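Take a look at the structure set out below.
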Amino acid sequence: MSHEQFKECIEECLSCMQVCNHCFNACLQEEDVKMMADCIRLDRECANICAYAADAMSRNSPFASQICQLCAEICEACGNECKKHDHDHCQQCAEACLRCAEVCRKMVS
């Protein structure tokens, strides 16, 4: 695949990474940080795999499809965890993660 074919997915991954990093930081500022532990952990996992997936696609890695499949799974897990919390940053993160998971799955199908 060419860089152009990956363009939408790269953009979604980079956007999701930024939103997850924001959510991660905002969760650390919440009153009950312990209650946010799973959200914080998944924010980090998701931001990292999104950054790696975008990098893999931008250099046309032969493993891009597998990496994007894993990215979709982690994004979905993060999105589902964030949906459990009422904070605006978590709700925004859930939307970004679930959208990224959808785009990644579409790209690998």
Side-chain angles (χ1 to χ4, degrees):
M1 277 193 166
S2 72
H3 178 75
E4 279 304 308
Q5 292 168 300
F6 287 130
K7 189 176 184 329
E8 180 188 13
C9 197
I10 290 170
E11 288 172 1
E12 282 300 328
C13 284
L14 292 175
S15 175
C16 188
M17 176 198 69
Q18 291 173 333
V19 174
C20 284
N21 281 331
H22 171 72
C23 187
F24 165 81
N25 190 52
C27 284
L28 289 174
Q29 306 306 313
E30 294 296 338
E31 217 169 280
D32 188 356
V33 174
K34 190 170 180 121
M35 183 188 83
M36 305 303 294
D38 288 339
C39 189
I40 292 167
R41 183 175 295 112
L42 284 168
D43 283 338
R44 293 304 317 134
E45 293 288 339
C46 194
N48 288 345
I49 192 66
C50 283
Y52 187 65
D55 179 59
M57 287 182 281
S58 71
R59 57 188 161 75
N60 201 21
S61 167
F63 302 103
S65 291
Q66 294 95 319
I67 293 165
C68 288
Q69 183 60 46
L70 179 59
C71 185
E73 291 173 29
I74 293 172
C75 284
E76 185 174 351
C78 188
N80 288 335
E81 176 60 33
C82 284
K83 276 197 302 191
K84 296 177 186 176
H85 305 283
D86 291 333
H87 311 293
D88 283 343
H89 57 85
C90 287
Q91 292 301 310
Q92 291 170 4
C93 191
E95 286 179 32
C97 288
L98 296 175
R99 185 173 52 248
C100 188
E102 184 181 324
V103 172
C104 282
R105 285 193 175 106
K106 185 174 84 175
M107 197 277 302
V108 298
S109 63

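All figures in this text were calculated on a predicted structure; none of them were measured in a lab.
Within the model, atoms CD of Glu8 and SG of Cys104 stand 10.0 Å from one another, a figure rounded to the nearest 0.5 Å. Rounding to the nearest 0.5 angstrom, the gap separating the CD1 atom in Ile49 from the SG atom in Cys20 is 12.0 Å. Note that CZ of Phe6 and CD of Glu12 are 15.5 Å apart. Values are rounded to the nearest 0.5 Å. Rounding to the nearest 0.5 angstrom, the gap separating the NE2 atom in His87 from the CD atom in Gln91 is 9.5 Å. In this structure, OH in Tyr52 is found 11.0 Å from SG in Cys68, a value given to the nearest 0.5 Å.
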Query - Worked check of side chain to side chain contact (heavy atoms under 4.5 Å, CB included) between Cys13 and Cys71 - result: CA-CA 9 Å; Cys13 284; Cys71 185; 4.1 Å; yes
Requested in this report: Begin with the C-alpha distance, continue with both residues' side-chain angles, and end with the deciding distance and a verdict on side-chain hydrogen bond (donor to acceptor under 3.5 Å, both in side chains) for His89 and Glu30.
Outcome: CA-CA 11 Å; His89 57 85; Glu30 294 296 338; 2.8 Å; yes
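In the hydrophobic clustering (ILVMFWY side chains linked at under 4.5 Å, chained through shared members), Ile40 is joined by Phe24, Leu28, Val33, Met35, Met36.
A 4.5 Å side-chain heavy-atom check between Gln18 and Leu14 finds every atom pair outside the cut-off. The side-chain heavy atoms of Cys90 and Cys27, taken from C-beta on, include a pair separated by under 4.5 Å. Side chains of Cys23 and Gln92 form no contact here, defined as non-hydrogen atoms less than 4.5 Å apart. Using a 4.5 Å heavy-atom cutoff, the side chains of Asp55 and Ser58 are in contact.
A salt bridge links Glu11 with Lys7: the distance from a Lys NZ or Arg NE/NH1/NH2 to an Asp or Glu carboxylate oxygen falls below 4.0 Å.
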Donor-acceptor pairs under 3.5 Å, side chain of residues 74-84 to any protein atom, not counting sequence neighbours: which ones?
residue	atom	partner	partner atom	Å
Glu76	OE1	Arg105	NH1	3.0
Glu76	OE1	Arg105	NH2	2.6
Asn80	ND2	Glu76	O	3.3
Glu81	OE1	Lys84	NZ	3.2
Glu81	OE2	His85	NE2	3.0

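In this structure, His22 has no ring pair (Phe, Tyr, Trp, His ring centres under 6.0 Å) partners at least two apart in sequence or on a different chain.
Within 6.0 Å of the CD atom in Glu102, the count of heavy atoms belonging to other residues, nucleotides or ligands does not exceed 12. Other residues, nucleotides and ligands contribute only 12 or fewer heavy atoms inside 6.0 Å of the CG atom of Asp88. Counting non-hydrogen atoms of other residues, nucleotides and ligands closer than 6.0 Å to CZ of Arg44 gives a total above 12.
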